[in-house]
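These notes concern the structure reproduced below.
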Amino acid sequence: MKFKKISIIGVPMDLGQTRRGVDMGPSAIRYAGIVERLERLSYEIEDLGDIEIDRAERSDEENIGNLRNLKAVAEANERLAAKVDQVIQSGTFPLVLGGDHSIAIGSLAGIGKHYLNLGVIWYDAHGDLNTAETSPSGNIHGMPLAVSLGIGDPRLTNIANYTPKVKPENIVMIGARSLDEGERKLIKEKGIQVFTMHEIDRLGMAKVMENAISYLQKRGTDGVHLSLDLDGLDPHDAPGVGTPVIGGISYRESHLAMEMLSEAGMITSCEFVEVNPILDEKNKTANVAVALMGSLFGEKLL
Ligand SMILES: NC(=[NH2+])NCCC[C@H](N)C(=O)O
Ligand SMILES: [Mn+2]
Ligand SMILES: [Mn+2]
């Protein structure tokens with residue numbers, strides 16, 4: 001890792017979906033010891049606290065078309081984008097803690113303008129490639145990857161005043177096993193590189209990560225953002241998530257993935273999202289998130 005300093009940004013966002021409690025994700029991850037864990041790896045850690053979420057906006061009038069809480073989600077993401085932008089400008093590594101996955105809109109908006117050819121690894125059971133038209137739920141946490149490609153409502157795609165934030169050919173999805181019809185269509189149309197659970201079963205995680213890493217290297221990326229949704233893991237290992245899908249990536253496979261990304265030295269920003277302490281078992285999912293961050297930032301077994 002070329003960074004010496006990591007800046008932590010909490011985003012207590014729960015308006016991108018309907019399960020209560022995911023707003024407590026940043027607290028749960030801090031309580032699980034993220035600062036101490038990374039300090040042990042001799043990084044300088046700066047905790048910037050939490051982005052403000054406008055709770056008063058939570059009302060039915062805020063559901064614009066099929067976009068739940070659009071205004072509050074857009075505003076919080078503008079604030080997050082500005083904060084992430086600042087962190088990158090100061091030369092430190094942005095580590096964003098969610099909150100539901102709608103916050104990836106703001107993270108990528110803050111990151112995208114700093115790279116000519118940004119790569120994105122989307123570690124998730126889902127595609128998060130819906131639009132208001134294709135979404136079965138109206139939940140914006142199912143849309144951030146589409147939004148970052150410039151597809152969707154302009155109030156979301158134009159956050160930080162530019163679009164798109166990332167090119168489809170620079171995205172690698174890992175762990176997908178629950179894709180909606182419109183998402184499948186978009187993946188094919190845009191030629192997005194996806195390693196579904198089928199490829200993970202068939203090739204093993206080591207080979208999948210080798211392929212994912214060399215794919216992004218061949219694309220000539222000058223930075224890679226890791227967007228890790230804890231529901232990418234199997235619910236047995238990460239039960240504290242709002243939209244669990246059985247048959248996921250194991251704890252061990254996830255560690256291997258993080259270790260391989262660490263060795264590749266390619267990750268330049270990341271977010272860990274969808275930790276919901278209310279749905280969790282004794283903070284297990286937050287602890288898993290912190291353990292994975294340990295591996296991502298260079299912890300070794302020996
Ligand atoms: N970030 C997430 N957990 N997304 C789940 C999305 C589920 C479903 N595809 C939807 O659009 O509602
Ligand atoms: Mn998901
Ligand atoms: Mn997601």
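Counting starts at 1 for both ligands and their atoms, following the listed order.
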Asp231 atom OD1 and Asp124 atom OD1 as seen from the Mn ion (ligand 2), angle to 10 degrees: 80°

Lys190, NZ: over 12 other non-hydrogen atoms inside 6.0 angstrom: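 Count not over threshold, so no.
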
Atom CZ of Arg184: over 12 foreign heavy atoms under 6.0 Å: yes

Within 45° cone of Tyr162 ring axis and under 6.0 Å: Lys165 NZ or CZ: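 Ring-cation test returns yes.
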
Aromatic plane relationship, Phe297 with Phe93 - under 30° parallel, 30 to 60° tilted, over 60° perpendicular: perpendicular

Which atom of Asp229 approaches the Mn ion (ligand 2) most closely (N/O/S): OD2

For the Mn ion (ligand 2): the N/O/S atom of His126 at shortest distance: ND1

Identified side-chain hydrogen bond (donor to acceptor under 3.5 Å, both in side chains) partner of Ser7 from the options Glu46, Glu44, Gln86: Glu46

Heavy-atom nearest neighbour in the protein, as seen from [atom], with distance rounded to 0.1 Å:
| atom | answer |
| --- | --- |
| atom 8 (C) of ligand 1 | Asp180 OD2, 3.6 Å |
| atom 4 (N) of ligand 1 | Asp128 OD1, 2.9 Å |
| atom 11 (O) of ligand 1 | Asn130 ND2, 2.9 Å |
| atom 12 (O) of ligand 1 | Ser137 OG, 2.5 Å |

Under-4.0 Å salt bridge between Lys207 and Glu199: no

Min N/O separation Asp124 to ligand 1 under 3.5 Å: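 Not met; the criterion fails.
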
Within reach of ligand 1, part of His126 (heavy-atom separation under 4.0 Å): side chain

Among the N, O or S atoms of His101, the one nearest the Mn ion (ligand 3): ND1

Those atoms of ligand 1 less than 4.0 Å from some heavy atom in His101: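 Near His101, the atoms of ligand 1 are 1 (N).
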
